[in-house]
Amino acid sequence: MEFGEESSPALAFEKNAFELTVEDVYDISYVIGRDLLKISSTGEEVSDLQFRIVRVLEMFETLVNKYNLSVEELKMERDNLKAELDRIIREGSSSSGQTGQQTVGANQLVVDLNDPNRPRFTMQELKEVLQERNQLKAQLMVAQEELQLYKSGILPQSEPTMVDVDLSTPPATEDSSSTVNEKTTIGKLFSFRRK
Amino acid sequence: MEQQQKQDKTIRKLKKQLKLYMKKVEDLEANARQTISSSDTSMPVRPVHIARKEKEFQGMLEFKEDDTGHLLKNLVVDLKPRGVAVSFTPGLPAFIIFMCLRYADSVNDDRRLSTLLNSTISSIKGVIKRKGNDFEVVSFWLANTCRLMHCLKQYSGDEVFMVHNTAKQNEQCLANFELTEYHQLFGDLAIQIYRQIIKSMENILLPLIIPCMLEHEAEQGVLGSKPTGLRKRSPSCPDEALTVEVLLQRLSFFHTTMSQHGMDSDIIKQVVKQQFYIISAVTLNNLLLRKDMCSWGKGLQIRYNVWQLDEWLSERELSGCGAKETLEPLIQAAQLLQIKKNTEADAKAICSMCSSLTTAQIVKILTLYTPVIEFEERVSNTFITTIKNLLKDRAESSNLMMDAKKIFSVTFPFTPSSVALETIQIPASLNLGFLIRV
């Protein structure tokens, strides 16, 4: 039951625009039509005016209708989303009761510290590692190509370049001044042992 | 032989003259062209605005016979009784159909005319059949059928119906056809629709009458419910207490709807009178069957409710329509419940007062009368016998119950309209673009 729906059609004029219903538009049409009839009943100018007023009222009817439908739809959607949110919060709080009732905010992650597969490195660290790997890979490929060429006798045997992977080097300490043993990020993270 | 020669001579002479004149005309034209071109150089011609003469519309709508079905589908069968176009111009469908009629009449096409008229009648009948329970639909078509019928009369050329016409309207009277038979046909259709409107209203009112008029118990000390002040348009929610206010809300809804459809006020008055009769009869019949309704307090309650109904009539300016008079039996019954019922003088007073109640009804009420207060006594048998004696000379029916199904016969007095047909332009929302305004 619509509150504020009066039987007197003229009261539709006093309503707030956003509370109008299509019934109000029809009441307004009735009142305006009746009043227009009182002013003048003949003449093509009046006829054109009447036609335009009716056209405007028809457009008004469409708008009011669309507006009310949209309001209804949005309300329903909002209510649905609210209900879903409540449901999820309830589910979330009931399952986290096992780990000691944490309330998790939005955009947060709970990590089990005993999980061997837990995330441990930052994006930045990962980026650096990958860059270095790519570099080393490229260098390795170049070295392999050279080796091939030496083997096939194309290139004369000369001083080895770049990387010296000398397997006869005595075991060196971590702080060795050897030029080969660069302190790379990989080295830092994974303690290589050179033979 | 001689004559033929003479004629041949005349022909040759005339041919020569004709050639001569043709040459002359050619020469003149050449000269005229020369003078125009020579004057061109001396006087530059200003562009002159050619104004189109204002087209005067005649208030007709051109349509093809094949369009009749489409026309009636959009204008009758599928038309909603509530919308911008029809609220703005009450009776618009009737005017549109009549303007098409005028066109068929003007081109002297009797077949197009009769197809339109007959299809209109059957379409309206179809709508009433299918949607007879929808009060708004039935009211809408009662109003429009009457308007169409009035148009047929107003523009018939019959002087009786032309008294209030403007000069222009008189010009627009039907030129070629006499449609008096259709006056009768539309009149019959209107009566049919009237019966249906009473029925549809009855269906809505019946569940309300007894609770609102009889059963509702007012708060102690305060007669009647708290006035809401609002007489709402649509049916209220079921949780609301069924008071006389609720009944009045329905009546207001009916009245407003009929007015907005452009129903003739004469017809509205007859409808209201019929409504009040139904309320009166149903209430009284129920009272006559129930002991618990026959008390002094109930008498007071009924009189209050009747007063509210009367107030409603004044508000709506319907005081003279005869509705109040139909409530008379109910009013007298309520008075009977309140009046003293002991002495012979009382009996005489009762007999003169209850002019609208039958003896059977008076006796029944007295028999059922239940005193509420301790020391009040039931009506004595001797008193009832006294009453019977006083009334035995009455010549009346022995009916106890009122005939709640009785419908007063309806009339449709001619009501011309001042609407100027040539000013009507069909609103876009009616989807009648195939009609051409003439």
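All chains are named by letter (A, B, ...) in the order of the sequence lines, taking the proteins before the strands, and each is independently numbered beginning at 1.
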- Item | Option that, when pairs with chain A are counted at under 4.5 Å, heavy atom only, ranks first among P427(B), G83(B), G262(B) |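 When all of P427(B), G83(B), G262(B) are compared, G83(B) has the most.
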
So do [Y] and [X] actually touch side chain to side chain, heavy atoms under 4.5 Å?
{"X": "R316(B)", "Y": "T256(B)", "result": "yes"}
{"X": "F276(B)", "Y": "L251(B)", "result": "yes"}
{"X": "E311(B)", "Y": "L248(B)", "result": "no"}

- Item | Residues of residues 430-438 of chain B near chain A, each having a heavy atom less than 4.5 Å away |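 If one takes a 4.5 Å heavy-atom cut-off, the residues of residues 430-438 of chain B near chain A are R437(B).
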
- Query: Residues two or more places apart in sequence or in another chain: which of them pass salt bridge (charged side-chain N to carboxylate O under 4.0 Å, His left out) with K80(B)?
  - Reply: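 Applying salt bridge (charged side-chain N to carboxylate O under 4.0 Å, His left out) to K80(B) gives none.
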
- Could I get the full list of side-chain hydrogen bond (donor to acceptor under 3.5 Å, both in side chains) partners for E202(B), not counting sequence neighbours? none

- Test side-chain contact (heavy atoms from CB on, under 4.5 Å), reference V272(B), set K269(B), Q275(B), Q274(B), output is Q275(B)

- Message: Considering only residues two or more places apart or on different chains, which pairs with a residue in residues 57-85 of chain A satisfy side chain to side chain donor-acceptor pair (under 3.5 Å)?
- Response: Y26(A)-E61(A), R55(A)-E58(A), E58(A)-S429(B)

- Item | Contacting region of I28(A) [heavy-atom separation from chain B under 4.5 Å] |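 Answer is neither: I28(A) stays 4.5 Å or more from chain B.
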
